[in-house]
Amino acid sequence: MQVASVKQVLAGGIPTGSKVEVRGWVRTRRDSKAGISFVQLSDGSCQGTLQVVAPNTLPNYQTEVLRLTAGASAIARGTLVQSQGKGQALEIQADAIVVCGLVDDPETYPIQPKEHSLEFLREQAHLRPRTNTFGAVARIRHTAMCAIHDFFTQEGFVWVNTPIVTTSDAEGAGQLFRVSTLDVHNLPRDDRGKIDWKQDFFGRETFLTVSGQLNVEAYCLALSKVYTFGPTFRAENSNTTRHLAEFWMIEPEIAFADLKDNADLAERFLKHIFRAVLRERRDDLQFCDDRLQKGVIARLEKFLDASFERVDYGDAIGMLQKSGRKFDYAPQWGMDLQTEHERCLCEDLFGRPVVVMNYPEAIKAFYMRSNEDGRTVAAMDVLAPGIGEIIGGSQREERLPVLDARMKKMGLVPEHYGWYRDLRRYGSVPHAGFGLGFERLLVYICGLSNIRDAIPYPRAPGSAAF
RNA sequence: UCCUCGAUAGCUCAGUCGGUAGAGCAGGUGACUGUUAAUCACCGGGUCGUAGGUUCAAGUCCUACUCGAGGAGCCA
C-alpha cells in the first residue's frame with residue numbers, strides 16, 4: 001500500500017480508487033449516527049487537512065477511534081474516493097485506523113480547534129507547530145531558506161561558514177555572550193587580581209559571534225562573491241517585537257563592487273525570495289493573508305513589480321523636515337534616523353521599501369568607506385514598512401591609510417586588527433556587503449507582528465525556555 | 001534598561017459603587033445528523049499571578065515582586 005502525504009493526496013497526486021496510507025495528527029473528530037466518524041488528519045505537509053471516514057465496523061471503533069481527540073496521532077489505511085459530502089473533494093474510506101498515541105488528558109491539551117493568541121502559543125513552543133499558523137510559518141521559513149541558497153548559487157556565490165566562537169566584537173558595538181569553560185565559582189586570577197583568561201579553553205577571552213562579516217571579507221577577497229548564513233548572537237537587553245538574542249543572519253560580500261552594486265544585489269536578492277515563496281507556498285501565504293495580516297500577498301507582488309526607492313540620507317532628512325509631521329525627535333543632519341523617522345519614510349512618504357544611503361560618518365562603524373565629501377560614509381539601510389530596518393550594509397573601506405585614520409578617530413587600536421588590515425595590504429579591492437536578519441524577513445513575508453513567532457524556539461532577554 | 005497596559009475555569013474574555021464568581025469554546029453524558037469551527041440539552045471544572053496591607057467585608061483599593069504584551073533606546 002502506498003504511503004502518501006496529505007499534500008500529495010490533496011494535490012491530486014494519487015488516483016481515486018487506489019489504496020493509500022496516510023499518517024498524521026487529529027485536528028477534529030465528528031461522529032455521525034449513520035455509523036461513521038469523520039477524522040480530520042494533518043501531517044504538516046501542507047496547510048490543508050484530509051478527511052478520513054471511519055465506519056463503526058472497524059474492530060477498534062469503540063475502543064480507540066471514538067477516543068481520538070485533537071492532537072492524537074493515527075495512521076489511516078483505506079481507499080481514496082471522491083467525497084460523498086460537501087466541503088472537500090477527496091476523502092479516505094478507512095479500512096483500518098491504527099491509533100499511535102492518544103491524548104491522555106484531552107481537556108488540558110493546549111491546541112484546540114479554535115483561535116489561540118500568539119502569546120499563549122509562545123508558551124507552548126513544543127506544540128505550536130501543530131497549529132495552522134506555525135505550520136505555515138515553518139514551511140515558508142524552509143522555502144525562504146532554500147530560496148536564499150538558490151539565489152546565491154545561481155549568481156555564482158560561495159557559502160562560507162564563518163565561526164560561531166569569536167574573539168572580538170566585530171563592529172565595536174553590541175553586547176556579547178561570553179564563551180568560557182572556567183569555573184565561574186572559582187575564577188583563576190593573574191598577579192594583578194584580574195581574571196586570567198590564558199587558563200580558559202581557547203587561551204583567551206571568547207564570545208559568540210555577532211557577525212561573520214569581518215571573517216567573510218577575507219574569503220570575499222579571494223572568491224569574489226561569498227555569503228554567510230548562520231546563527232548570530234546578541235546579548236543586548238532589547239525587549240521589542242523585532243529583536244532576538246539568537247537569530248539567523250545572511251551576509252553577502254562582493255568584491256570589485258560599490259554601494260550601488262550592493263543595493264542592486266539586495267533588491268535582486270529580496271525579489272528572488274519573494275518570488276519563490278509566492279510560487280511554492282501560495283496556500284500558506286493565503287492563510288497568513290486571511291488570518292495574520294490582510295494584504296501580505298499583494299504586498300509581496302507589488303514588491304516584485306516596483307523597484308526600491310533609493311534616497312540619500314541627507315535628502316531623507318530634508319524630506320522628513322518638510323513633511324510637516326510632528327516627531328518626538330526633530331530630524332536633523334548628523335543624527336541617526338529614529339524608528340518614527342524610518343516609519344514615516346517607508347510607510348507614509350514612499351509606501352514601500354526604501355534604501356537610505358550615505359550616512360554621516362560619526363554614527364556608523366569603522367569599516368564603512370569614507371565618501372569624497374569627507375563627512376559621510378557609503379552605508380545603506382533597507383527599511384521595510386511594518387518592520388523598519390531589515391538590511392544594513394555598506395561599501396567597505398579598502399584604503400589602509402584611511403581605515404587606520406578612521407579607527408584611531410573612533411578610539412580603536414589598528415594593531416588589534418592585524419589580519420583585517422592585511423586584507424588591505426595584499427591586493428585590496430573595493431568591496432561591499434550587507435546583513436539581513438532572516439527572521440525579520442519572515443515577519444515581513446508572513447505579516448507577523450512579533451519576531452518571536454518567526455523562529456521555532458525564540459531566545460530573548462529572560463526567556464530561553466524549551 | 002525606561003515608559004504604559006495587563007494577569008479571573010484547559011483557552012478567549014465579562015465581572016457595575018468594595019458585599020465571598022459568569023459566558024462562549026474545550027472536556028464528559030445524552031439526543032440528532034454524510035459530518036465539516038455541526039446543532040440542541042444537561043454535567044463537571046476557580047486558593048481571581050505571588051506576598052503583604054487598608055477594611056466588618058477585597059477579583060475590585062494600596063505597596064512590593066513575578067510573568068506577559070505594546071512602545072522607546074540599541075540593532076539585523
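Naming: A, B, ... by sequence-line order, numbering from 1 per chain. Keep in mind that this is a model prediction, so the values were computed, not measured.
Using the six-membered ring where Trp is involved, A/His272 and A/Phe151 have ring planes that are tilted, between 30° and 60° apart. The aromatic rings of A/Phe229 and A/Trp248 sit perpendicular to each other, their planes meeting at more than 60°, with 30° as the lower class boundary.
Both the sub-6.0 Å distance and the 45° axial angle are not jointly satisfied by A/Arg452 relative to the ring of A/Tyr457.
The base-pairing partner of B/G59, taking Watson-Crick or G-U wobble contacts with both distances under 3.5 Å, does not exist among the strands shown. Using N1 to N3 plus N6-O4 or O6-N4 for Watson-Crick, or N1-O2 and O6-N3 for G-U wobble, each under 3.5 Å, B/C67 pairs with B/G6.
Side-chain N/O atoms of A/Ser238 include none lying less than 4.0 angstrom from OP1 or OP2 on B/G73.
Nucleic acid contact class of A/Glu439 (heavy atoms, under 4.0 Å, all strands): none.
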Q: Please assess A/Asn215 against A/Val160 for the test side-chain contact (heavy atoms from CB on, under 4.5 Å), listing each intermediate value before the final yes or no.
A: CA-CA 9 Å; A/Asn215 284 297; A/Val160 176; over 6 Å; no
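A donor atom on one side chain and an acceptor atom on the other are found under 3.5 Å apart for A/Gln213 and A/Glu217. Side-chain contact check for A/Gln40 and A/Thr28: no donor-acceptor pair (N or O, by modelled atom type) lies under 3.5 Å.
Here the C1' atom of nucleotide B/C74 and the NE2 atom of A/His243 are 6 Å apart, to the nearest Å. In this structure, CD of A/Gln40 is placed 14 Å from P of B/U35, rounded to the nearest angstrom. Distance, A/Arg30 CZ to B/G34 C1': 10 Å, rounded to whole Å.
In the region residues 257-275 of chain A, proximity to RNA chain B at under 4.0 angstrom, judged on heavy atoms, holds for none of the residues.
Position along RNA chain B of the nearest nucleotide to A/Gly85 versus A/Ala245 favours A/Gly85 as the more 5'-ward residue.
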Could you go through nucleotides 66-69 of chain B and list every protein N or O atom that sits under 3.5 Å from one of its N or O atoms, giving the distance for each pair?
| from | atom 1 | to | atom 2 | distance (Å) |
| --- | --- | --- | --- | --- |
| B/A69 | OP1 | A/Arg122 | NH1 | 2.7 |

Polar atom pairs (N or O), protein with nucleotides 10-14 of chain B, under 3.5 Å:
| from | atom 1 | to | atom 2 | distance (Å) |
| --- | --- | --- | --- | --- |
| B/G10 | N2 | A/Gln112 | OE1 | 3.0 |
| B/C11 | O2' | A/Lys114 | NZ | 3.3 |
| B/C11 | O2 | A/Lys114 | NZ | 2.6 |
| B/U12 | OP1 | A/Ser117 | OG | 3.1 |

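Checking B/A76, B/C74, B/U35 against the side-chain heavy atoms of A/Phe247 singles out B/A76 as nearest.
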